[in-house]
Amino acid sequence: MLSRLNIASRQFSVSAAACKPETVKNWINGRAVESKTSDWIELTNPATNEVIGLVPKTTQQEMQEAVDSSSEAFHKWKNSSILSRQQVFFKLQSLIKRDMRKLAENITLEQGKTIPDAEGDVSRGLQVVEHACSAASLQLGENLQNVSKDMDTYSMRIPLGVTAGVCPFNFPAMIPLWMFPLATVTGNTMILKPSEQDPGACMMLVELAKEAGMPDGVVNVIHGQHEAVNFICDNPAIRAISFVGSDQAGKYIYERGSKNGKRVQSNMGAKNHGVIMPDAAKDATLNQLVAAAYGAAGQRCMALTACVFVGESRKWIPDFVEKVKKLQVGPGSNAKTDVGPVISKQSKQRILKIIDSAKNEGANVLLDGSNVKVSGFENGNFVGPTVITGVKPNMTCYKEEIFGPVLVCLEAESLDEAIDMINKNPYGNGTAIFTSSGIAARRFTNLVDAGQIGINVPIPVPLPQFSFTGNRGSFLGDANFYGKAGLNFYTQWKTVTQLWRAEDAAPEAKPQMAFP
Ligand code: NAD
């Protein structure tokens with residue numbers, strides 16, 4: 001039996017036939033609170049489709065309680081010393097490390113990815129917690145003495161107030177950790193809405209934050225879908241929204257939130273191209289490509305999902321397919337699994353439809369994972385690793401974000417042709433080139449229009465000292481997530497100009513009427 005988790009979000013036992021789904025709680029004012037809603041969403045294990053929990057559609061009144069709690073907490077929290085706020089994150093860092101395995105098991109159960117990959121999910125979020133521990137340096141303002149005689153100006157970065165975060169399903173720990181550590185260490189409070197498809201890790205993290213000393217009300221959690229999102233976009237007390245997810249929801253939240261005068265940062269979909277030059281180190285490159293295309297069953301916004309073989313490198317495709325064939329498909333809880341299930345039945349159907357469209361539109365499905373069977377897990381949402389070659393930019397499988405274990409392969413005669421293809425694609429999250437030529441890499445870096453570039457690095461997600469800089473169709477807003485930009489997003493400037501003069505003016509001095 002997989003470990004029995006005992007968390008406020010819910011209790012469950014994976015194997016027990018008599019398992020009655022527990023309800024996921026709201027997290028309001030530092031307590032797990034049962035929702036009074038009559039509207040619940042089924043939480044399923046993607047490897048079995050067994051119902052493992054019920055997620056509430058938090059009621060309007062409960063959402064208002066969350067906002068009231070965050071508004072009240074803000075006044076005290078923003079005036080707490082920054083060193084004491086940092087201390088919460090020093091402690092949280094060690095608690096997340098302590099509970100790493102528990103968090104990963106919950107992610108595997110609810111999201112489907114393998115345990116090592118789930119630990120990676122937590123670890124990449126943990127790096128943001130560690131970054132938040134240096135907020136006292138990051139939040140320093142600016143100061144200029146003697147802007148005029150006896151006059152000085154200084155600027156402070158101050159918090160906004162109540163902020164909100166709306167999260168996707170694919171990184172249940174990392175994305176909430178992109179949001180609440182930087183939002184709160186800078187003095188804001190935050191209302192999180194995790195994905196209704198896997199809220200468990202987020203619930204565990206806010207419990208850990210409480211254990212680390214975070215005062216009640218600084219982070220609250222509500223649940224649901226559109227109603228919760230509309231509430232966040234419309235509630236006047238919420239000053240800023242961080243969103244990560246699909247294009248449709250991202251554009252909607254950006255527009256609705258902005259119309260209501262809120263700051264919004266919206267990270268959305270992607271189609272990340274990997275360019276394989278014929279001078280690349282062949283085996284290392286193909287291994288990296290396999291991992292970047294099929295890891296997490298392709299459900300990463302920075303997965304390499306379109307591969308452009310330049311010139312002679314197209315001859316490597318058969319060797320690539322042989323490597324892909326060796327991947328094991330299965331439940332994330334199995335140590336031998338390389339590719340877990342996709343998140344839902346609907347997602348599986350959507351992916352299979354795109355594979356079909358490739359067949360109908362003249363591409364070549366060289367390896368077809370549509371009918372994969374996993375013994376003992378016949379009801380799971382499994383799609384086997386799929387390789388589609390002969391793909392042209394006008395095909396559905398190229399135009400749509402697949403978000404599954406499917407790699408589309410294109411061909412180009414030259415590096416410039418590959419760059420041109422990438423620049424014509426509306427997304428700009430990330431891209432990578434594999435080459436042994438510094439000159440090719442430099443040309444690629446200069447000419448390609450994507451926000452994050454890897455050179456012999458397949459998934460170039462920057463550490464939090466930098467920011468996650470997806471651009472074009474993959475991002476809406478001014479300030480990216482984490483790093484300097486993330487800190488800017490959660491703070492506003494207040495600039496003070498002060499005059500301290502020892503002597504008074506002469507009694508006969510006149511007011512200076514001209515603009516100074
Ligand atoms: P999603 O947009 O379906 O859901 C994200 C959140 O928005 C959820 O909390 C959901 O409840 C809410 N939501 C969904 N549809 C909505 C709607 N129509 N109106 C209002 N709210 C809505 O996304 P997902 O399927 O959970 O996540 C996968 C997507 O996220 C992919 O497109 C992926 O590329 C993207 N993603 C992007 C990044 C990035 O940094 N660019 C990172 C991770 C995931």
Side-chain angles (χ1 to χ4, degrees), residues 117 120-121 123-124 127-128 170-171 174 178 244 267-296 298-311 313 316 320 323-324 398 401-403 405-412 414-475 480-483 485:
D117 199 34
D121 186 330
S123 296
R124 291 310 300 258
Q127 290 166 346
V128 184
N170 65 329
F171 282 100
M174 181 183 81
W178 277 11
V244 179
N267 266 16
M268 301 177 293
K271 197 85 178 177
N272 308 307
H273 297 67
V275 174
I276 317 289
M277 299 299 287
D279 60 7
K282 182 183 160 194
D283 285 305
T285 299
L286 296 186
N287 282 342
Q288 286 184 314
L289 190 56
V290 171
Y294 303 106
Q299 299 172 114
R300 292 179 184 143
C301 66
M302 285 291 281
L304 280 186
T305 52
C307 184
V308 189
F309 289 92
V310 176
S313 74
W316 301 351
F320 173 70
K323 283 181 187 280
V324 180
Y398 178 76
E401 182 185 34
I402 304 177
F403 227 55
V406 180
L407 181 69
V408 300
C409 301
L410 302 101
E411 292 176 17
S414 66
L415 174 60
D416 282 10
E417 194 187 327
I419 293 171
D420 194 43
M421 202 182 284
I422 297 170
N423 290 351
K424 282 189 177 136
N425 190 287
Y427 289 115
N429 219 28
T431 183
I433 185 170
F434 299 88
T435 181
S436 57
S437 159
I439 291 170
R442 191 163 188 277
R443 184 167 180 82
F444 183 76
T445 306
N446 283 342
L447 296 181
V448 84
D449 195 1
Q452 300 171 104
I453 297 173
I455 297 167
N456 298 320
V457 174
I459 304 190
V461 175
L463 288 177
Q465 288 72 15
F466 301 89
S467 298
F468 187 98
T469 52
N471 66 22
R472 292 200 287 141
S474 300
F475 179 69
N480 293 112
F481 278 81
Y482 63 75

Derivation of the side chain to side chain contact (heavy atoms under 4.5 Å, CB included) call for Val461 and Met174: CA-CA 12 Å; Val461 175; Met174 181 183 81; 5.7 Å; no

Over 12 non-hydrogen atoms of neighbours within 6.0 angstrom of CZ in Arg442: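 Open.
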
Arg124 atom CZ: more than 12 heavy-atom contacts under 6.0 Å: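 Above 12, so yes.
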
If you define the side chain from C-beta out and look only at heavy atoms, does anything of [X] sit under 4.5 Å from [Y]?
X: Phe481; Y: Val128; value: no
X: Phe171; Y: Val244; value: no
X: Phe468; Y: Met302; value: yes
X: Val448; Y: Val275; value: no
X: Trp178; Y: Pro464; value: no
X: Tyr398; Y: Asn425; value: yes

Heavy-atom closest contact ([X] atom, [Y] atom, distance):
X: Ser437; Y: Asp279; result: CB-OD2, 3.3 Å
X: Thr445; Y: Ile453; result: O-CD1, 3.9 Å
X: Phe466; Y: Pro462; result: CB-CB, 3.7 Å
X: Asn423; Y: Leu447; result: ND2-O, 3.0 Å
X: Ala412; Y: Val308; result: CB-CG1, 3.8 Å
X: Ser474; Y: Gly428; result: OG-N, 3.1 Å

Distance-only donor-acceptor check, side chains Thr305 and Asn272, under 3.5 Å: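 No - no donor-acceptor pair under 3.5 Å links their side chains.
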
CA sep, side-chain torsions, deciding dist, call: Lys271, Ile402, side chain to side chain contact (heavy atoms under 4.5 Å, CB included): CA-CA 9 Å; Lys271 197 85 178 177; Ile402 304 177; 3.8 Å; yes

Check against side chain to side chain contact (heavy atoms under 4.5 Å, CB included), Phe444 and Thr435: CA-CA 10 Å; Phe444 183 76; Thr435 181; over 6 Å; no

Distance from [X] atom [atom1] to [Y] atom [atom2], nearest 0.5 Å?
X: Gln452; Y: Thr431; atom1: CD; atom2: OG1; result: 11.0 Å
X: Ile276; Y: Thr285; atom1: CD1; atom2: OG1; result: 6.0 Å
X: Leu415; Y: Ile433; atom1: CG; atom2: CD1; result: 5.0 Å
X: Leu289; Y: Lys323; atom1: CG; atom2: NZ; result: 10.5 Å
X: Asp420; Y: Asp416; atom1: CG; atom2: CG; result: 8.5 Å
X: Asn267; Y: Asn480; atom1: CG; atom2: CG; result: 7.0 Å

Residue pairs involving residues 454-464 (criterion salt bridge (Lys or Arg N to Asp or Glu O under 4.0 Å); sequence neighbours excluded):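 For residues 454-464: none.
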
Aromatic contact, Tyr427 with His273 (centres under 6.0 Å):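 No, ring centres 6.0 Å or more apart.
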
